[in-house]
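To start, the structure under review is shown below, and the notes come after it.
Throughout, protein chains are lettered first and strands after them, A, B, ... in sequence-line order, and every chain is numbered starting at 1. Note that the coordinates shown come from a computational prediction; the quantities given were computed from them, not determined experimentally. Computation of the quantities below employed the complete heavy-atom set of this structure, encompassing side-chain atoms and omitting hydrogens, waters and symmetry-equivalent molecules.
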Amino acid sequence: MIKRLRGMFSSDLSIDLGTANTLIYVRGKGIVLNEPSVVAVRHHGNQRSVAAVGFDAKRMLGRTPGNITAIRPMKDGVIADFHVTEKMLQHFISKVHDNNFFTPSPRVLVCVPCMSTQVERRAIKESALGAGARDVFLIEEPMAAAIGAGLPVEEAQGSMVVDIGGGTTEIAIISLNGVVYSESVRIAGDRFDEAIVAYVRRHYGSLIGDATAERIKQEIGCAYPGSEIKEIDVRGRNLAEGIPRSFTLNSNEVLEALQEPLAAIVQAIKSALEQSPPELASDIAERGLVLTGGGALLRDIDKLIAEETGLPVIIAEDPLTCVALGGGKALELIDQQTFDLLAIE
Amino acid sequence: MTEAHQNDQLHDEGQTGHQVNCSRPGELLKKAREARGLSQAEVARKLNFMPTYVPALENEDFSQLHSTTFIKGYIRAYARFVGINPEEVLNCFAAHYPEMHKEEKIQPVETLKPEKSSHLIFKLFTLVVIAALITIIILWWQSRSTETLPEVTSQEVQVETLDGQTILAPITLAEPEPEPPTPEAAATGSPELSVSQPTVAPPAPSVTTAPRTTIGTGETSTGPTQPEVAPVRTITGDPALATLGNGRLVALTFTGDCWLEVRDNTDRILHANLMRAGDAILLEGEPPFRMVFGYGHVAEVFYRGTQYDFSSRIRSNGYAAIRVE
């Protein structure tokens, strides 16, 4: 009853609870929040309290004193730390509401990876409820990504979407509002960063942090040879000497570093195409597959996939927000009959 | 092809009303492709497009290119392949085909600010209305339950008997009958203690009509335990006339049992007792008087020579609280 009353003062939300970033779409308003999924936790003896969330906490990653730990509570697209996720969601939900009278109690649509287990889905649902949601609906991420990218999901035509996020790469073939085939591999943006860190350690004998690796990936990373070569100055701790050293990386080296995770993603796409029914495969061959998620911003990744699969590859408009937008569009329709879009727990 | 193109352009101009100073997206792509010396087939092969897509894009014949998402995606891929800025071409596309551009677009908003003020006003208004309703309910509830009656359980009253004796008579509320309070009083043989009070009763007309009204006047002076109880007089004659010309007097008669409490303006309790059928009393105090009746249907109030009508104030259970002035 009280939740219902508080619900009158809350808006419906669609949350893309990603490994790297959390996006919130408010019904009727659009995307209002896009912050890193990072929480800084302060320890006082046995007690833990939240020191910072989002951008503030991300700046602390790898730079915290002993009593503060910056945590990424999501790992591989699912919850790794339940309580911290709940706190983070609570913070974000209250942030988008900006209301001092009542604690908000919105209806929430959360995106879940398509290959997540029932336990993982339950955990996401519970944490959203714990964060104050009145009702929680789940939608599979590739479905949300396809809707957000503007694919004709309700038509009797196959659409293929590849969502390369922070923790997982979701591949799905969708037709008539349903997922025909889906595949989720736990190789995505984070693995790219790890691969760069490993490459630098191996070839330069220097240790760099995840944040630096991410910056390298965003600035000079590329997935296909042949385009212009870019360079970046990087500073890391030299393992042999133990002191910080500066060195220069170029995009070909990054390409070399990324070979392994990229090959895994390409392999997953190929296996999805192998598994798809022939009619849908022909639709996809005619129109192409759509890339969404932060991984789609990696330079020339479309060229790589086009080369490897022989299909037209399209990068969605604004790939970072596709999932949240798609969730939002599903939310707009939630009171209508489109419940078949939603995932069951 | 070119004719189709021109038709398309004309149609487009008519629809948008204003021509954007932006070259056509198909032209841009075609020029860039020709500048690089590539054929349409080569582009289609490199991008894995169906062979018909490239001419369709260059001629802006979008009918076979599925939804806007795909058209934009193809334009972006094509532009990047021929080495021009894809955003530039897409801007031109958006300018020439605004209806297609908008179709898929859900406009993201950065802040909640514009909506906030009206929401705040609405919420404040709602809170104020709720608060007002609660206040009204509380006030109504309080007006329903009057202040608690003072506990008058028993008291001793100094009574002058007919033969001049002064006795202390205990009065208890729960007494079922007005028995003679003391054996001495009973010994007098008089059913009621009364002392003639010629000064109070004005020159009344002959009182022979009803034996009920010809009760001997009695006076009870307050005992030492309850000094605030005012003198009570019973009336002889017409009770209305008894109060004529004196604003400090109020007369009450009863045709049945009824609890009565009377206070005057100084909050002094003039009378608080159970009245029996046939009782009539005259009270003196500072007007206005506040009266509480346990069963108002059996009581009549006379003030300034007229009967005071309070039948509308009697509740369904007989209770009445009135103010006489």
Side-chain angles (χ1 to χ4, degrees), chain A residues 5 8-9 11 23 25-34 95-102 146-153 155 157 159 161 227 283 285-291 299-300 302-303 305-318 321-322 324-326 328-329 332, chain B residues 43-54 56-57 64-81 83 86-87 89-91 93-94 100-117 119-128 130-131:
Chain A
L5 186 72
M8 284 169 59
F9 292 89
S11 329
L23 284 87
Y25 175 100
V26 177
R27 185 174 183 171
K29 297 201 179 81
I31 289 171
V32 294
L33 182 129
N34 181 359
K95 192 169 181 178
V96 298
H97 271 92
D98 218 6
N99 187 335
N100 303 325
F101 291 126
F102 296 96
I147 299 170
L151 294 181
V153 287
E155 287 174 19
Q157 278 183 327
S159 311
V161 63
S227 54
D283 288 344
E286 190 187 323
R287 300 194 292 174
L289 60 86
V290 177
L291 287 181
R299 196 150 55 101
D300 289 342
D302 54 334
K303 270 191 196 168
I305 295 170
E307 177 77 21
E308 293 284 337
T309 59
L311 299 177
V313 176
I314 289 167
I315 294 176
E317 196 166 10
D318 207 0
T321 59
C322 271
L325 263 183
K329 282 186 192 171
E332 308 279 354
Chain B
V43 174
R45 192 164 48 76
K46 281 279 183 187
L47 290 172
N48 301 326
F49 286 175
M50 300 272 285
T52 52
Y53 286 4
V54 177
L57 282 171
Q64 54 164 320
L65 292 180
H66 322 292
S67 68
T68 315
T69 310
F70 286 103
I71 298 166
K72 284 192 200 167
Y74 295 150
I75 291 176
R76 203 178 282 121
Y78 193 164
R80 254 207 315 247
F81 179 69
E87 292 312 313
V89 187
L90 282 173
N91 285 341
F93 173 76
M100 287 180 94
H101 189 67
K102 269 181 199 141
E103 185 191 328
E104 302 290 341
K105 193 92 177 169
I106 287 188
Q107 192 66 43
V109 190
E110 284 307 314
T111 58
L112 295 166
K113 290 285 186 293
E115 291 265 344
K116 200 181 141 195
S117 58
H119 261 227
L120 199 67
I121 289 166
F122 171 70
K123 281 169 195 167
L124 269 174
F125 179 74
T126 315
L127 284 174
V128 165
I130 290 170

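Here the shortest heavy-atom pairing between B/Ser67 and A/Gly150 reads OG-O, 3.8 Å. In terms of heavy atoms, A/Gly288 sits closest to B/Phe70 at O-CE2, 4.0 Å. Among all heavy-atom pairs drawn from B/Thr69 and A/Leu151, the shortest one is OG1-N, 4.1 Å. Smallest separation of non-hydrogen atoms from A/Val313 and B/Ala77: O-CB, 4.3 Å. Pairing each heavy atom of A/Leu311 with each of B/Asn48, the nearest pair is O-ND2, 3.0 Å.
Between B/Arg80 and A/Lys303, the closest side-chain pair of non-hydrogen atoms is not below 4.5 Å.
Neither the backbone nor the side chain of A/Ala324 comes within contact range of chain B; no heavy atom of the residue lies under 4.5 Å from a heavy atom of that chain. For a residue to count as touching a neighbouring chain, one of its non-hydrogen atoms must lie under 4.5 Å from one of that chain's; by this rule B/Tyr53 touches chain A with the side chain only.
When A/Gly310, A/Ala285, A/Ala306 are compared by the number of non-hydrogen pairs under 4.5 Å with chain B, A/Gly310 comes out ahead.
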